[in-house]
Structures are given as structure tokens and as C-alpha cells.
Amino acid sequence: MKESLSAFPLGSTNDAYAEYFIGQSYLAPLTAEQIPTYNVTFEPAFRNNWHIHHAEKGGGQMLICVYGDGWY
């Protein structure tokens with residue numbers, strides 16, 4: 001995996017959420033202030049077994065794709 005594919009850092013292996021994935025992903029925290037933001041990088045042929053992020057107080061999750069292709 002090449003970190004230079006994105007302007008964002010690659011991060012560490014995302015093993016804490018491996019139960020939702022087929023393949024390797026990487027997680028890099030970008031900011032923890034106000035709205036915690038993370039860069040998640042997926043290796044080619046990666047599969048995400050979709051899951052829900054429940055919000056207790058009007059939150060949730062927003063996904064922004066900045067590189068590559070994805071199918072849903």
C-alpha cells in the first residue's frame with residue numbers, strides 16, 4: 001500500500017473494526033476537536049460489510065470519498 005496515493009496519512013492497521021471488513025484497512029485520526037475526523041484507507045479488492053453508527057444526540061457518520069472507486 002502506498003501512502004502517496006492520498007494527501008491524507010495512511011495510519012495504522014484498522015484491526016479494531018476487522019469484524020466489519022474483508023481485507024485490510026488503515027485508520028488515521030485527523031482531528032479530535034469538535035467533530036472527530038478520521039481517514040480510512042482500504043486496500044484494493046477490500047469489502048466493507050456495511051454497519052450502522054447509531055447516534056445518541058443528533059450525530060452519526062458522514063462518509064466522504066476522496067480517491068478511488070467504490071460499489072454499493
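No option in Asn14, Asp15, Thr13, Thr41 other than Asn14 meets the side chain to side chain contact (heavy atoms under 4.5 Å, CB included) test with Ser25.
Nearest heavy-atom pair, Tyr26 versus Glu43, reported as atom, atom and distance to 0.1 Å: OH-OE2, 2.8 Å.
A donor-acceptor contact shorter than 3.5 Å is absent between the side chain of Thr31 and the backbone of Pro29.
For the pair Arg47 and Phe42, the minimum side-chain heavy-atom distance is 4.5 Å or more. In this structure the side chain of Pro9 reaches within 4.5 angstrom of the side chain of Leu30, judged on heavy atoms.
The CG atom of Asn48 sits 5.0 Å away from atom CZ of Phe21, with the distance rounded to the nearest 0.5 Å.
Using a 4.5 Å cut-off between side-chain heavy atoms of Ile, Leu, Val, Met, Phe, Trp and Tyr, with links allowed through other members, Tyr17 and Ile22 fall into different hydrophobic clusters.
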